[in-house]
K.L.:
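Below is one structure. I have some questions about it.
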Amino acid sequence: MLDRKFVVENIDLIAKNCVDRGVKVDVSKLPELEAARKAKLQEAEQLNAKANKLSKTIGKASAEERPAIIEEGKQIRAQKDEASAEQDRLEAEIDDIMRQIPNLTHPAAPIGVDDKDNLELSRGVTEPRQFDFPVLDHVEIGENLDLIDFEAGAHVAGNGFYFLKNEAVLLELALQQYVVQLLMKEGFTPTITPDLARTEILYGIGFNPRGPETQIYSIENTDLNLVATAEITLGGMKSGKVFEAENLPEHYCGVSHCYRTEAGAAGRASRGLYRVHQFTKVEMFAFTLPEDSEATLEKFRDLECRIFDGLEVPYRVVDTSTGDLGGPAYRKYDLEAWMPGRGEAGEYGEVTSTSNCTDYQARRLNIRYKNKGEKGTHFVHTLNGTAIALSRGIIAVLENHQQADGSITIPEVLRPYMGMDVIPARG
RNA sequence: GGAGAGGUGGCUGAGUGGUCGAAAGCUCCGGUUUGCUAAAUCGGUGUACGAGUCAAAUUGUACCGCAGGUUCGAAUCCUGUCCUCUCCGCCA
């Protein structure tokens, strides 16, 4: 959610930004609606003030005087109720438009309609390997080495679910350890978060849990939803809070399961672990002062690069185009790992994503900070970034480190956590 | 799941229908005093949205978990809901 006053005063800028972002919403009526709403609000407040004043005289009034004063008070309140009902109606109409408006856009973000317009910024230190044997994809590898059982997943939960087995379990745990250890050294407070969250929190972060387009599983007869990312719970953790400026920034990382319906994703790259209904993720999240958020985004990006450099996986970093930013992000970098088993001769596939949401989420979640000795509060900036999505991380490790004999070499950084150097080929 | 108790300002904690944005204390900020520190003492100290002003001063409304309701008037009464605590049951 953007600041309403800002929107009304910069309506042309907002309209253009919506076009760039590919969001179809008519903002032209907003200034008029807001003016009408304010007028009604003032009318209601004035009537209320009048009635309040009158009410205070009743306590002191004599028994004979009272009925007349009470009658007058009733009439004023009735008028006030009318004005305030109109105000509520306008408020709802404005809010409906406001919540469709995406965040502002960083001036450097490439203008475009989808991920094809993303701008490549850099590459990782590891070069894509030249394989001198037929490259397998992770589904084949998983089958050959008995690491992933999609059939069993489908059997118990349907398509899009899977069992990790044998060394794949160690690999998932090792990746978690590697990443969490690295982030702790960087000053992140590690957490394991709830996998469910209230609808209200989802809204605050910018997810819409109801409706046909939703990515979110909801629990029937409750106000709870399965989270699609720990971003939801980590951001929601501080909703309604006021930080002392001197305590910012606060950096958290959260391990959670992520559940996504993937509605409307039919036909998109979905083989194997790439697009699944459940996976585990280590998420980074930061609450910062406004002036620090851009630097924090660069820090998150750098951490994501270091994580994948450490895994000896080739990747590229892209600056996400306006059409692909989603609602809350002001700027977003995606890290796309090289997946040699994908497509004809390998393709890049998104593995992480980091966003500066500026005050867009904070405003809805009501997360503020105050400067010591200064009156008033300001909204914090929030940032999120994938440290590692385990499902896609596993694809990248398996496919990039496969050997001619079918075995998988374990990247150096994972060996202490795996307790092995190699996942051996099977007989 | 059952039975109780409770949710008040940054914190502790009064307040059961009328002048309560809310006592008192703490914290914090400023002043005074003290050779410095500590202490003492005086004053100030919530948030949001408005009006007002060059900026202030000043001023209106709302907010006592949240949402409704009763009433001329609600922190206070009623309903729902969320959360916390205690006990019991169940359970990893």
Side-chain angles (χ1 to χ4, degrees), chain A residues 1-9 30-95 98-99 192-204 209 218-225 227 232-233 236-248 250 257 287 359-380:
Chain A
M1 182 96 65
L2 293 174
D3 177 58
R4 190 176 294 185
K5 207 186 289 179
F6 179 86
V7 170
V8 167
E9 285 167 6
L30 271 179
E32 194 184 318
L33 286 170
E34 177 62 3
R37 196 207 110 234
K38 271 191 184 169
K40 275 293 162 197
L41 180 65
Q42 277 184 44
E43 187 185 328
E45 284 187 347
Q46 278 161 16
L47 287 165
N48 209 23
K50 204 166 149 190
N52 281 347
K53 211 172 275 177
L54 192 68
S55 288
K56 286 182 182 173
T57 66
I58 292 175
K60 301 176 216 157
S62 65
E64 304 86 69
E65 292 169 327
R66 283 196 186 191
I69 306 176
I70 287 174
E71 185 50 37
E72 192 188 348
K74 265 187 189 174
Q75 281 175 19
I76 298 172
R77 298 276 177 194
Q79 290 173 43
K80 180 224 123 189
D81 286 345
E82 210 173 294
S84 124
E86 178 63 7
Q87 197 278 141
D88 288 348
R89 196 191 62 73
L90 289 164
E91 170 64 25
E93 194 177 338
I94 293 165
D95 188 63
M98 283 299 299
R99 59 193 320 150
I192 295 176
T193 74
D195 284 345
L196 285 83
R198 290 180 201 291
T199 301
E200 179 196 335
I201 301 288
L202 284 267
Y203 274 126
S218 307
I219 309 294
E220 209 174 350
N221 298 325
T222 72
D223 187 30
L224 292 169
N225 312 273
V227 298
I232 292 167
T233 39
M237 172 168 73
K238 299 293 181 183
S239 78
K241 294 262 173 14
V242 180
F243 290 97
E244 294 290 342
E246 63 199 41
N247 293 334
L248 292 174
E250 287 195 2
H257 293 116
F287 304 92
D359 59 2
Y360 190 89
Q361 292 175 328
R363 188 169 286 110
R364 240 187 237 181
L365 290 167
N366 194 24
I367 306 176
R368 295 169 293 156
Y369 71 91
K370 68 178 300 168
N371 293 306
K372 227 184 170 70
E374 195 180 293
K375 211 171 157 60
T377 57
H378 315 275
F379 290 109
V380 302

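Protein chains get the first letters and strands the later ones, always in sequence-line order, with residue 1 at the start of each. Quantities reported herein were computed from a predicted structural model and do not represent experimental measurements. Below, each value reflects all heavy atoms present in this structure, side chains not excepted, and no hydrogens, waters or symmetry copies.
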K.L.:
Taking atom C1' in both rA55(B) and rG35(B), compute the distance separating them and give it to the nearest angstrom.
P.N.:
41 Å

K.L.:
Round to the nearest Å and state the distance from L224(A) atom CG to rU81(B) atom P.
P.N.:
15 Å

K.L.:
If I take atom NZ in residue K370(A) and atom C1' in nucleotide rU47(B), what distance separates them, rounded to the nearest angstrom?
P.N.:
9 Å

K.L.:
Considering every strand shown, what is the Watson-Crick or G-U wobble mate of rA57(B) when both distances are under 3.5 Å?
P.N.:
none

K.L.:
Roughly, in whole Å, what's the span from CG in D88(A) to C1' in rU61(B)?
P.N.:
14 Å

K.L.:
Tell me every residue that passes salt bridge (Lys or Arg N to Asp or Glu O under 4.0 Å) with R99(A), counting only those two or more places apart in sequence or in another chain.
P.N.:
D95(A)

K.L.:
Could you let me know what rG30(B) is paired to, Watson-Crick or G-U wobble, both distances under 3.5 Å, or none if it's on its own?
P.N.:
rC42(B)

K.L.:
Just checking I58(A): base, sugar-phosphate only, or nothing, at a heavy-atom cut-off of under 4.0 Å?
P.N.:
base

K.L.:
Which nucleotide, if any, forms a Watson-Crick or G-U wobble pair with rU37(B), using both distances under 3.5 Å?
P.N.:
none

K.L.:
On a whole-Å scale, what distance lies between the C1' atoms belonging to rG65(B) and rC83(B)?
P.N.:
7 Å

K.L.:
Listing time: all N or O pairs from protein to nucleotides 63-66 of chain B that are below 3.5 Å?
P.N.:
none

K.L.:
When rounded to the nearest 0.5 angstrom, what is the spacing between CG in L196(A) and CG in L224(A)?
P.N.:
5.5 Å

K.L.:
With no hydrogens and no angle check, just 3.5 Å: does a side-chain donor-acceptor pair link R77(A) and N48(A)?
P.N.:
yes

K.L.:
Suppose you measure atom C1' in rG89(B) against the same atom in rC63(B); what distance do you get, rounded to whole Å?
P.N.:
40 Å

K.L.:
Nearest whole angstrom, please: distance from the C1' of rU27(B) to the CD of E244(A).
P.N.:
11 Å

K.L.:
Start with the C-alpha distance between E86(A) and E82(A), add both sets of side-chain angles, then the distance that settles side chain to side chain contact (heavy atoms under 4.5 Å, CB included), and finish with yes or no.
P.N.:
CA-CA 6 Å; E86(A) 178 63 7; E82(A) 210 173 294; over 6 Å; no

K.L.:
Is T57(A) touching bases, backbone alone, or none of the nucleic acid, heavy atoms closer than 4.0 Å?
P.N.:
nothing

K.L.:
Return whichever of R37(A) or I69(A) has its heavy-atom-nearest nucleotide of RNA chain B closer to the 5' end.
P.N.:
R37(A)

K.L.:
What parts of residues 38-56 of chain A reach RNA chain B, counting only heavy atoms under 4.0 Å away?
P.N.:
K38(A), Q42(A), E45(A), N48(A), A49(A), N52(A), S55(A)

K.L.:
Counting any heavy atom closer than 4.0 Å, what does R66(A) reach on the DNA or RNA strands: base, sugar-phosphate only, or nothing?
P.N.:
base

K.L.:
Hey, is the side chain of K5(A) poking within less than 4.0 Å of OP1 or OP2 on rG50(B), counting only N and O atoms?
P.N.:
yes

K.L.:
Considering every strand shown, what is the Watson-Crick or G-U wobble mate of rC66(B) when both distances are under 3.5 Å?
P.N.:
rG80(B)

K.L.:
Roughly how far, to the nearest 0.5 Å, is the CD atom of E72(A) from the CD1 atom of I69(A)?
P.N.:
8.0 Å

K.L.:
Both G73(A) and T377(A) contact RNA chain B. Taking the nearest nucleotide for each, which residue is further toward the 5' end?
P.N.:
T377(A)

K.L.:
How many Å lie between CZ on R368(A) and C1' on rG46(B), as a whole number?
P.N.:
10 Å

K.L.:
Between R77(A) (CZ) and rC72(B) (P), how many Å, whole number?
P.N.:
10 Å

K.L.:
Of the nucleotides rC72(B), rG50(B), rU47(B), which has the atom closest to the K74(A) side chain?
P.N.:
rC72(B)

K.L.:
Within this structure, what is the CE-CG distance for the pair M237(A) and L365(A), rounded to the nearest 0.5 Å?
P.N.:
11.5 Å

K.L.:
Holding to ring-ring contact (aromatic ring centres under 6.0 Å, His included), I want the full list of residues that pass it with F287(A), two or more places apart in sequence or in another chain.
P.N.:
F243(A), F285(A)

K.L.:
Could you tabulate the donor-acceptor pairs under 3.5 Å formed by side-chain atoms of residues 31-42 of chain A, not counting sequence neighbours?
P.N.:
| residue | atom | partner | partner atom | Å |
| --- | --- | --- | --- | --- |
| E34(A) | OE1 | R4(A) | NH1 | 3.3 |
| E34(A) | OE1 | R37(A) | NH1 | 2.8 |
| E34(A) | OE2 | R37(A) | NH1 | 2.7 |
| R37(A) | NE | Q87(A) | OE1 | 2.8 |
| R37(A) | NE | E91(A) | OE1 | 3.3 |
| K40(A) | NZ | E43(A) | OE1 | 3.3 |

K.L.:
So how far is it from D195(A) CG to T233(A) OG1, rounded to the nearest 0.5 Å?
P.N.:
8.0 Å

K.L.:
For rA57(B) versus rG44(B), give the span between their P atoms, rounded off to a whole number of Å.
P.N.:
16 Å

K.L.:
Got a second to check how far K241(A)'s NZ is from N366(A)'s CG, nearest 0.5 Å?
P.N.:
11.0 Å

K.L.:
In whole angstrom, give me the gap between the C1' atoms of rA24(B) and rA62(B).
P.N.:
26 Å

K.L.:
Name all residues meeting the ring-ring contact (aromatic ring centres under 6.0 Å, His included) criterion together with H378(A); count only those two or more places apart in sequence or in a different chain, and write none if there are none.
P.N.:
Y369(A)

K.L.:
Does rC85(B) pair with anything, Watson-Crick or G-U wobble, both distances under 3.5 Å, and if so, with which nucleotide?
P.N.:
rG4(B)

K.L.:
Could you tell me whether the phosphate oxygens of rC83(B), OP1 or OP2, come under 4.0 Å of any side-chain nitrogen or oxygen in R198(A)?
P.N.:
yes

K.L.:
If the C1' atom of rU34(B) is compared with that of rC28(B), how far apart are they to the nearest Å?
P.N.:
22 Å

K.L.:
To the nearest Å, give me how far apart CZ (F379(A)) and C1' (rU47(B)) are.
P.N.:
11 Å

K.L.:
Provide, to the nearest angstrom, the distance between the CD atom belonging to E34(A) and the C1' atom belonging to rC49(B).
P.N.:
10 Å

K.L.:
Would you say that more than 12 heavy atoms from the other residues, nucleotides or ligands in this model lie under 6.0 Å from the CD of E244(A), or not?
P.N.:
yes

K.L.:
Roughly how many Å apart are rC85(B) and rC77(B), using the C1' atom of each and rounding to a whole number?
P.N.:
25 Å

K.L.:
Partner lookup for rC72(B), please. Criteria are Watson-Crick or G-U wobble with both distances under 3.5 angstrom; report none if nothing qualifies.
P.N.:
rG18(B)

K.L.:
Roughly how far apart, to the nearest Å, are rG46(B) and rC11(B) at atom P?
P.N.:
14 Å

